[in-house]
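Just so it is clear, the values below take in all heavy atoms, side chains as well, and ignore hydrogens, waters and symmetry mates. Both ligands and their constituent atoms are indexed starting at 1 by order of listing.
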Amino acid sequence: MTDSTFTPRVFSGIKPSGGLTLGNYLGAIKRWVDMQDGETETIYCAVDLHAITVWQDPTGLKAGTREIAAGMLASGIDPEKSILFNQSQVPEHTQLAWIFNCVARLGWMNRMTQFKDKAGKNAEKASLGLYAYPSLMAADILLYHATHVPVGEDQKQHVELTRDIANKFNNDFGVDFFPVTEPVIEGPGTRVMNLRDGTKKMSKSGESDMERINMLDDADTIAKKFKKAKTDPDGIPETLDGLNGRPEAKNLVDIYSGLADMTAEAVVAEYAGAGWGKFKPALAELAVAKLAPISDEMKRLMDDPAEIDRKLARGAERAREIATPILEKTYDIVGLLR
Ligand code: TYM
């Protein structure tokens with residue numbers, strides 16, 4: 001962790017829009033679990049207000065929020081060690097987001113590639129919320145004075161915007177109030193790619209279910225998806241360099257590396273010269289060994305939604321204890337009379 005006048009604190013979040021994928025697990029949740037065992041306070045959030053930037057069926061949204069919570073708990077997020085809650089139970093997120101809407105510049109928002117990707121050609125029909133989304137994300141982070149944000153590669157630009165907002169706020173008001181947050185993008189799982197096209201990210205909203213591994217997939221489905229994953233005629237090379245220009249092959253090695261907690265070098269060394277007929281079943285077996293206990297536990301937790309709701313409500317109370325004084329101080333700095 002870098003030196004700063006701010007006490008180190010970790011914040012990160014996941015949107016409850018669709019189920020969890022292996023990308024969410026390797027790029028985010030698995031790394032969050034590792035971080036909660038250090039000295040640093042860790043805060044993890046199911047960001048339901050981000051989910052509604054695109055249409056969500058109300059019943060499905062509640063179920064999806066509980067599923068995300070169950071996924072975090074089943075993966076090892078411990079609500080005693082970390083603060084775990086859903087965003088909409090802490091209204092300070094939206095209050096701070098409004099202030100940041102007035103700090104962020106249109107030019108900055110126009111550069112956000114995720115908005116362009118998601119809005120597509122039909123940007124006129126996108127919600128205002130989808131456009132303002134990165135400002136809410138900055139509020140999520142800065143409401144806790146979080147110094148470190150562990151995310152996958154796709155969120156880097158949003159964390160950079162958060163830094164711009166913190167800097168501009170501090171400059172505009174002549175204060176050193178918000179930390180300039182560091183994105184933490186480390187390890188082999190920060191960019192898990194689509195199993196059918198190694199140039200695209202694995203995402204919960206992709207067209208075909210065959211392109212992703214869902215956390216709730218059963219063993220047969222996982223094996224089938226890896227078996228059908230796109231590859232090339234060459235197998236595992238002798239050295240890492242041999243994966244250059246081979247996005248699908250690199251992706252499968254990276255997934256193995258993330259699941260096994262081995263470096264990609266070590267994976268390549270172990271399977272050097274092997275064909276896909278050998279590597280893919282080994283990868284499927286490893287994935288099932290790691291994911292089956294998590295999905296079993298997720299299902300068990302989801303059978304008791306009231307218990308999940310209690311845990312989230314308790315987490316929200318703890319989150320508000322940190323958030324309220326930071327929002328109040330922000331209002332004072334801005335000059336809002338109360
Ligand atoms: P979301 O819900 O799309 O994804 C949650 C986390 O999973 C990571 N991730 C991936 N990592 C590697 N490979 C992939 N294929 C992959 N797909 C998803 C994401 O990078 C992310 O870390 N805007 C955020 C949610 C958010 C947030 C925040 C995150 C809202 N507020 C504050 C951090 C801090 C999002 O849509 O993530």
Go ahead and list the nitrogen or oxygen contacts between ligand 1 and the protein that come in under 3.5 Å, distances to 0.1 Å, or just say none.
unit_1: ligand 1; atom_1: 2 (O); unit_2: Lys15; atom_2: N; d: 2.9
unit_1: ligand 1; atom_1: 2 (O); unit_2: Lys204; atom_2: NZ; d: 3.4
unit_1: ligand 1; atom_1: 3 (O); unit_2: Lys15; atom_2: NZ; d: 3.2
unit_1: ligand 1; atom_1: 4 (O); unit_2: Asn24; atom_2: ND2; d: 3.4
unit_1: ligand 1; atom_1: 7 (O); unit_2: Asn24; atom_2: ND2; d: 3.1
unit_1: ligand 1; atom_1: 11 (N); unit_2: Gly23; atom_2: O; d: 3.2
unit_1: ligand 1; atom_1: 13 (N); unit_2: Val192; atom_2: N; d: 2.9
unit_1: ligand 1; atom_1: 15 (N); unit_2: Val192; atom_2: O; d: 2.8
unit_1: ligand 1; atom_1: 15 (N); unit_2: Met202; atom_2: O; d: 2.9
unit_1: ligand 1; atom_1: 20 (O); unit_2: Gly152; atom_2: N; d: 2.8
unit_1: ligand 1; atom_1: 20 (O); unit_2: Asp154; atom_2: OD1; d: 2.5
unit_1: ligand 1; atom_1: 22 (O); unit_2: Gly152; atom_2: N; d: 3.2
unit_1: ligand 1; atom_1: 23 (N); unit_2: Tyr133; atom_2: OH; d: 2.6
unit_1: ligand 1; atom_1: 23 (N); unit_2: Gln155; atom_2: OE1; d: 3.0
unit_1: ligand 1; atom_1: 31 (N); unit_2: Asp140; atom_2: OD2; d: 2.7
unit_1: ligand 1; atom_1: 36 (O); unit_2: Lys15; atom_2: NZ; d: 2.6
unit_1: ligand 1; atom_1: 36 (O); unit_2: Tyr133; atom_2: OH; d: 2.5

Requested in this report: Using the side-chain contact (heavy atoms from CB on, under 4.5 Å) rule, take Ile213 and Thr21 through it: C-alpha gap first, then chi angles, then the decisive distance, then the call.
Outcome: CA-CA 6 Å; Ile213 304 286; Thr21 68; over 6 Å; no
**Report entry** Tyr25 side chain to Asn214 side chain, donor-acceptor N/O pair below 3.5 angstrom
**Finding:** no
Report task. Give a yes or no answer on whether the side chain of Ser257 reaches the backbone of Met262 with a donor-acceptor pair at less than 3.5 Å. Result -> yes
Query raised in the report: Is the backbone N or O of His93 less than 3.5 Å from a side-chain atom of Gln87, with the two atoms forming a donor-acceptor pair by type?
Result: no
**Report entry** Check: Arg111 main-chain N/O paired with Gln157 side-chain donor or acceptor under 3.5 Å
**Finding:** yes
Query raised in the report: Can any side-chain N or O of Glu41 pair as donor or acceptor with the backbone N or O of Arg9 at less than 3.5 Å?
Result: no
